[in-house]
Amino acid sequence: MEQDLELLQEATEEAEAAQDSRALYEVKMKFLGRTGKVTALLKGMKEIAAEARPAFGKKVNALREALEEKFAALEEKIKQKELEKKLAGEDIDVTMPGRHTKAGALHPVTRVKDKLIDLFSGMGFEVFEGPEIENDYYNFTALNTPADHPARDMQDTFYLTDEFLLRTQTSAGQIRVMEQKKPPIKILSPGRVFRSDDDATHSPMFHQMEGLVVDKGITLCDLQGMLDEFAKKMFSETSKTRLRPSYFPFTEPSVEVDVSCAACGGKGCSLCKGTGWIEVLGAGMVNRRVLENCGVDPDEYSGFAFGMGIERIAMLKYGINNIKLLTENDTRFLEQFKD
Ligand code: DAH
């Protein structure tokens, strides 16, 4: 039987050439597997004459054992080699500098929002958050801005249906609060608002902070006193405010509020376009019609309201010149706002 010797040689050569345990396993299967060459010899036994069978069987078994031993030895060797290679690759170099982990920081809009909440809570305001999807009534009609009112054009509205829209102003929250609560009312309503507007100082989504105070005997002086306090805490101890006449359908009288320019101290610079003042928010005395719409008697109660853009305050406070920086989330920009 020359065949078995040849097989032994062939298998040994192929096994020794195997580079890794996977290749070695394949060679092993080629000879000793269920359909392997040695197994085929055993299966062919029945074709051999009965008297020659025992001798043949012995030889094939010896061949199989020899091969099994050979494979086992090679397997051991390859596994050892593979382990050494793996361990070498896992070497820890304790002299390598560590990986830098970047610490997060609060977004400037969040910082300003938190600061506003902190500042106004100190004056007794409570936070109320209204829905971002509003209906036309809360966003406009109840705020004395019925369907044909020209003031609707002051804001480019995203309508979802004839009735529902993405709120254009947190002022909608004033109505919700007055419907739920009887005066005295002193609330602050922060949140996202949406308008079809897009340039260096306008973004289709931005944040506003609304304030509403309703009680007996509230006057415009109360509004200005509170705004002075706000400007000092938000911008600088020496900040001043001034009121300019304006128009909003839900306030009468309405004012635009300017704060003295913190960059030049009011002398006039490029930020304030030489005027010494920067416009920061809209405000006014709550219109009688709005109080009536909410079941509050305007002869008994009066109130003031104000609304400001949080991005605008953040841009002024931190000297940011493009509103897009606030939504792009570039970490090189954001990480400048760590304390
Ligand atoms: N809602 C106004 C706007 O988005 C801002 C505003 C003005 C709010 C006057 C007020 C207010 O509460 O009294 O332009």
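Please read all numbers here as calculations on a predicted model, not as lab measurements. For ligands, and for the atoms within them, numbers begin at 1 and follow the listed sequence.
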Side-chain touch Val213/Ile185, heavy atoms, less than 4.5 angstrom = no
Face-on cation placement of Arg167 at Tyr138 ring, 6.0 Å and 45° thresholds | no
With sequence neighbours left out, the residues meeting ring pair (Phe, Tyr, Trp, His ring centres under 6.0 Å) with Phe164 are none
Would you call Val127 and Glu129 a side-chain contact if the rule is heavy atoms closer than 4.5 Å?
-> yes
Proximity of Phe306 and Phe248 rings by center, below 6.0 Å | no
Please tabulate protein-ligand N/O pairs under 3.5 Å for ligand 1, atom names and distances to 0.1 Å.
residue, atom, partner, partner atom, Å
ligand 1, 1 (N), Gln169, OE1, 2.8
ligand 1, 1 (N), Ser171, OG, 2.9
ligand 1, 4 (O), Arg195, NH2, 2.6
ligand 1, 4 (O), Gln208, NE2, 2.9
ligand 1, 12 (O), Gln174, NE2, 3.1
ligand 1, 12 (O), Glu210, OE2, 2.5
ligand 1, 12 (O), Phe306, N, 3.4
ligand 1, 12 (O), Phe306, O, 3.4
ligand 1, 13 (O), Ala305, O, 3.1

Do the non-hydrogen side-chain atoms of Thr251 and Asn287 ever get within less than 4.5 Å of each other?
-> no
